[in-house]
Structure formats: C-alpha cells, structure tokens
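Worksheet: the structure to be examined is printed underneath.
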Number of protein chains: 2
Amino acid sequence: MNDQHPRVVTRADVARLAGVSTAVVSYVVNDGPRPVAADTAARVREAIEMLGYRPNASARALKLGTTGVLGLVVPDSSNPFYAELALEVERSATRRGLALLVASSNSDLELESRLIQDLASRQVDGLLVSAISGPPRITAGASRIPVPLTYLDAQLPVEGVSTVSSDGEAGARMLVQHLLRVHGHSTVALLMGTASTGWVDGRELGWQRTLREHGAPDAPLERAPFSRKGGYEGGLRLLRGRGRPAAVFASSDLQAIGLLRAAHELGIAVPGELAVVAYDGTEESEYCWPPLTCARQRIADIAEAAVNAVLDGRAPTHRVFDVDLLIRRSCGCTGEEPGELRTRRARPRDRIGPPPT
Amino acid sequence: MNDQHPRVVTRADVARLAGVSTAVVSYVVNDGPRPVAADTAARVREAIEMLGYRPNASARALKLGTTGVLGLVVPDSSNPFYAELALEVERSATRRGLALLVASSNSDLELESRLIQDLASRQVDGLLVSAISGPPRITAGASRIPVPLTYLDAQLPVEGVSTVSSDGEAGARMLVQHLLRVHGHSTVALLMGTASTGWVDGRELGWQRTLREHGAPDAPLERAPFSRKGGYEGGLRLLRGRGRPAAVFASSDLQAIGLLRAAHELGIAVPGELAVVAYDGTEESEYCWPPLTCARQRIADIAEAAVNAVLDGRAPTHRVFDVDLLIRRSCGCTGEEPGELRTRRARPRDRIGPPPT
DNA sequence: CTGTTAGCGCGTTCAG
DNA sequence: CTGAACGCGCTAACAG
C-alpha cells in the first residue's frame, strides 16, 4: 500500500527550495508578467523539476476566472458520429491546452438542460452543445447561462448563439440526385430520424425538394430513432410493406446499417434489388457490407470551427460546412480499390457527373 | 448581441438580498454542517432562485480539495469499445454527481503520460486509465501522481494500483473452444492486435493454450492494429496467404469487421467458407453481416467497478469480470430471431454445450 | 532591473 | 446567526 498521495507540492515549497519568493515562481511558471533573471529562473525550474511541482488548477481557475476546460453535451457519446465528433473536439481543445468535459444527454430534454447547467456551474470556458431541443428552448436557456455557448450540428441558425453544422440539405440533394440521375431510380424513399424536436431537418427538406424538382412520385417516409436498431426496425417496415422501394436515403449511417441488416435478413440484395445511401460518413460506413455511398460530414472542420467560435467571444456566427460525396457500392456504383475512395466536393446544387465505370 | 455574461452572482449577493451572512448561504446550499432556521433557509432559497446563484466550482474545489471531476484516458475515444466504455463511465460518474474529463492518447506513450499529468494537475478526484503502456511504466508513473489511479482494461493485475478488466483469457477460450468443438474446426487462426506494450495479452494466451490443450495444429497468427483498417489489412494477409484458415478468432470487433470486409471482397463466404468470432461484443458486432459471434465484455459493470475502485480510497483491488458468449451467425450457428440473442455466461474453463439447432 | 510583500478571488467552516 | 481565517496562485505595488 504505497502512498499514492504524497504531500501536494505548492508554490511555497518550490520557492523555499530555490531560495526565492513565491512571486518569482509564478513569474517563471507563467513566463511573466514580470521578467526573471536567467540564472534565478534556472534555479526555480530545477526546483520545480525536483519536487514535481504542478500548479493547482483550482486555485488558478479561481484567480483567473478561467478553467481551461471546455464542455461538450451530445445526445449519445457512444453513437459513432458523436464519438468521432467528441474526439475531434477533444483534439481541437487539446491543441489549445484545454481539457474536455463530456456529457451525454441520452436524448432526454430534462437531462440535457441539467447537464448544461451543471457544466456551466463548473466554470467551463465554453460550452458546445449538440442539442436535441429546438431553438426556442435553447435561446431561452442560453441567456441565463454565464458561459459562451456554441451550438453544434444545429439544423438552423439560432438567434444569439453561434452555430456550426453541415449543410444537411445539400447532402441530401446530392445523394438523392445521385440515385435519380446516375442510377435512374424513379424515386427514393427516406428513412428519417426522430430525435429532433422543434427543428425542420435539412436532410428531410433536401430529400423532399429534390424529389419535387425532379417530378418524382411520392415515396415512403419512415421515421425511426437514430440508431442501428431504429434503422433495422424502420427498415423492416419499409421493406416488408407493399410498394417496397428500390432506393432508400437514410438520414444517418447507423440507420443505414440497420437497414442493411434488415435487407440481408430478408434476402434482398444490396445494391442489386435495393440501393442505399446515407448521411454522415463515419468510419463504420466504409466497413459495412456493402460499403455505403454517403454524404460525409467534415467532422474535424466542424469541431475546430466550433471550438474557435466558442472561444473567440465575438458576436455569434453561423457556419455551415459542405459535405463530401463518397461513392461506394451500396448505391450500385462499382466501388473502387480498397482504401481509395472517390470523393466529390459538395456544393449546394452541384450537378453530379456520369457514373464511374 | 445580447449579453451572454451577466455579472456573476456570488454568495455575497445572495446574503445581501436575503439579509443574512454569507455563512448562512453556505449552510443552506450544502444543507450543513450547521443547521439553519426554516424560515431563514426559505428566504435564502428564494434569493438564490431570484438571482440564479450557482456556487463557483473553482472556489469550492480550492477550499475542499475535491473537484467532483473524474478523468478518463483511453487510446482512442472514437473506437466503439472505448466509446461505449467512456459512456458507461460517464453514467456511473453522473450518478454520483461527478463530471468526466475525457482524453485520448492516440496510442502514443508520450501523449498518454502527458495527459495523465495534465489531468492530475487539474485536481481530478480520480483517474481511470486504459493504458497502452505496460506495467513497469505505469507503476513508475503512478507513485508520482497525487491522484487515485485505477487501471481499466488492464491485461494483468498491476502492483499498487487498482485494476478492472475482463477475463480475456476465458473469453478467448470460450470462442476458440466453440469453433473447435461445436463446429469441428481442426484449428483456429488468430487476428491479434498490436497496441499493447509490455503486456502478455490474455486473449492471445487463451487462444494458444486452448489450441494446445486440444492438440490442434499450429495456426497462423496475424498482428494488426486494433482498428477496422488493421483488421482489413491483416485479414487480407491472412486470407490471401497459402494455407488460408477456415476459422479465425479476432481480438476485437473492429478487426473482425475489417476481416469481414476482406472476406467479402475476396468472395469468401462467411460463415460457409470462413468462420469468424471476435472479442468485445460492442453493438456494431450485432449489425455487421453476418452478425458476429463474440465474447462480450460487460462494459457497464467494468465502468461501475472502476469508478467505485478509484473513489473508495482503499487498498488497491484487482477485479476481473467474466465475459458473455453471444452466439450469432458468423461462426456457423444458425443465428436467432432478430434482437434475441442466445447468451451464455462465461466461467473460465466452462464447457460449451452442443450446437444450437 | 530584480526580487519581495500582500491583497484578492469565492466558498467553507470554526470560534464567537 | 455572524465574523474571519483559510486554501493556492496571480499580480499590483513597493524596495533595493
């Protein structure tokens, strides 16, 4: 039972050992705000090294009013999309010397709002929220939160709060257009999520409008949770019903993967008898079978932009990122050599070229 | 540009409004340590409500020497296994009113040790580490860290530090035995990970010993990173080489999923021409095709035990959890109705029964 | 220019 | 129920 908790070393210990005052230790540690003679500084650094001194973050936070911690609230941190997002946020934070406090709201409005309050009371320097609650609720809460807030993955700009998101409508358009034009489908069904409250989802809009613009007949819309299980069950409903669609756009990778399982179990060949495309483009979409053609969100860019937005303390901004079209096999394209993916930069209303051969 | 940062409300504001001293505010907020008259307390609570007062966590932490924050270090928080683990740790922490600081070491020894130091200097109340570094390095570092440390997912008990993990050897035995006995394979290849340094991996041991005990001939062992890509590339090597195995045990879901992709691309039928089993049992293993037979780690139990261990401040303990055998299709079993999985509790050396029909 | 002293930030808690 | 000391680090003000 060795003592894992040796006496905590404070500034005073270092000062004593180095034969200086505590102020000098501080000046050395922070490289300012006052200069210290080179040899004195060296002595202090040596003492710090010997004692293993690390400044007490709580004291520092109290004095400075800044904790060096960012908070992130997501609906479900084990969902691969949010897991990848959290990792990228963490990386962006680490790059700036910040740590990341992660909380999952479990898609529960009540819990989400409690978590936001809790993180705020922990004096995080900024709060990134991928909320399930719609705009009214958000803005109402935001003004009471004494912490900069940025809204991640928001489907719409929200007044008074910075938002960062992907262009869901453009992504949906690209995918649906691909199925219509390249593969000649007459229409495309939608497997949509259910989690959002109070939003109009860009993906749904994009799907709807694209069909309309192409004069495509109405197609089934199935709603199911943003999960593999949700996609599976929604998929079964979609595929077992009469008028089984020949092409489906899933609003998330996870749902598409559930849909694939449903298709496999029903003996429906993908892409032969059923073309599938999905929104998100997490790594899992590349390794399921068949690999999914999808619109990939630029997660790292989104994370970086969100961290920037929440830290810069300026007027709220609303950034929308393009998505990338990843052509793989699930849509009926040939697919390509392993590891090499044909990518096309999305621009809204972008015209998709002829099928790869 | 509404002001998101109204003046921060402190205890003093509340005290003034309620007409009491700051001490009373504290007693009311913390329900102690001294009693407060009921009507006074009511007045204080009203003032708190009106002003929206929230205690400053930094000041509190400084005074109490406890932050209410746990730290978690994993190699890669976007890996589904670690993502699920992190989520469960977060849940266990939230249940106790603690927040969770997550950091990813990116499988980098240097970074891992920096992150541990950083979290420690932030006065986390406990540190959970799923380390890539082996025991010597850990113990060396542990004694310098002024924070309780628990080792997650450790392959072996480590002296002086609490460890919590699954019984990797038993899991490997179950899976390999299943292939040998139930499906009559003569031997089983291993697709092993590479990340661990300085460990003897229980999964590898279990595989090796089980083969030996059954007098099975030597089988290929392929090493690849713990990732889908690693599994894919290792899988290609394994499947393209001469003496292609008829059964493979993958040391993680992710690798098995990469292996499945390799098999699909090579036109090798699973389970017809190739049986696959895997260790981990994350949700993804249920939704790939075919669904993976695997040894599932009890992630929630592990997380809960780890949080307990790191908080209870007693002598180091070493807990090892059984894994559950999930029979699905990738091994050659028939599989079952969707959502209903046949589960068998693992006990080391457990004998597996006849094949399900 | 180099170094020291002392007050402050905010919540907790003991002596009064 | 109040007053005040304390936890630790930061930095303005001051001294040599």
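Keep in mind it's a predicted model, so treat the numbers as computed, not measured. Protein chains get the first letters and strands the later ones, always in sequence-line order, with residue 1 at the start of each.
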Euclidean distance, atom [atom1] of residue [X] to atom [atom2] of [N] [Å, nearest integer]:
{"X": "Asn30(A)", "N": "dC8(D)", "atom1": "CG", "atom2": "C1'", "result": "13 Å"}
{"X": "Arg11(B)", "N": "dC6(D)", "atom1": "CZ", "atom2": "C1'", "result": "12 Å"}
{"X": "Asn56(A)", "N": "dC8(D)", "atom1": "CG", "atom2": "P", "result": "7 Å"}
{"X": "Leu64(A)", "N": "dC10(D)", "atom1": "CG", "atom2": "P", "result": "6 Å"}
{"X": "Tyr53(A)", "N": "dC10(D)", "atom1": "OH", "atom2": "C1'", "result": "10 Å"}

Pick the closest DNA chain C nucleotide for Tyr27(B) and for Lys63(B) by heavy atoms, then say which residue is nearer the 5' end. Lys63(B)

Asp31(A) atom CG, neighbour heavy-atom count above 12 within 6.0 Å: no

Heavy atoms under 4.0 Å, any strand shown: does [X] hit a base, just sugar-phosphate, or nothing?
{"X": "Thr40(A)", "answer": "sugar-phosphate"}
{"X": "Val36(B)", "answer": "sugar-phosphate"}
{"X": "Val29(A)", "answer": "nothing"}
{"X": "Arg60(A)", "answer": "sugar-phosphate"}
{"X": "Ala37(A)", "answer": "sugar-phosphate"}
{"X": "Val20(A)", "answer": "sugar-phosphate"}
{"X": "Thr10(A)", "answer": "sugar-phosphate"}

Could you tell me if [Y] and [X] have a donor-acceptor pair between their side chains, going purely by distance under 3.5 Å?
{"X": "Asn56(B)", "Y": "Arg122(A)", "answer": "no"}
{"X": "Thr66(B)", "Y": "Asp125(B)", "answer": "yes"}
{"X": "Ser58(B)", "Y": "Ser58(A)", "answer": "no"}

Glu88(A)/Arg91(A) ion pair, N-O < 4.0 Å: yes

Qualifying residues under salt bridge (charged side-chain N to carboxylate O under 4.0 Å, His left out), relative to Asp312(B), sequence neighbours excluded: Arg314(B)

What range of DNA chain C does chain A touch, first nucleotide to last, counting atoms under 4.0 Å from its heavy atoms? dT2(C) to dC10(C)

Let me confirm one number: the CD-CZ distance from Glu304(A) to Arg319(A), rounded to the nearest 0.5 Å. 9.5 Å

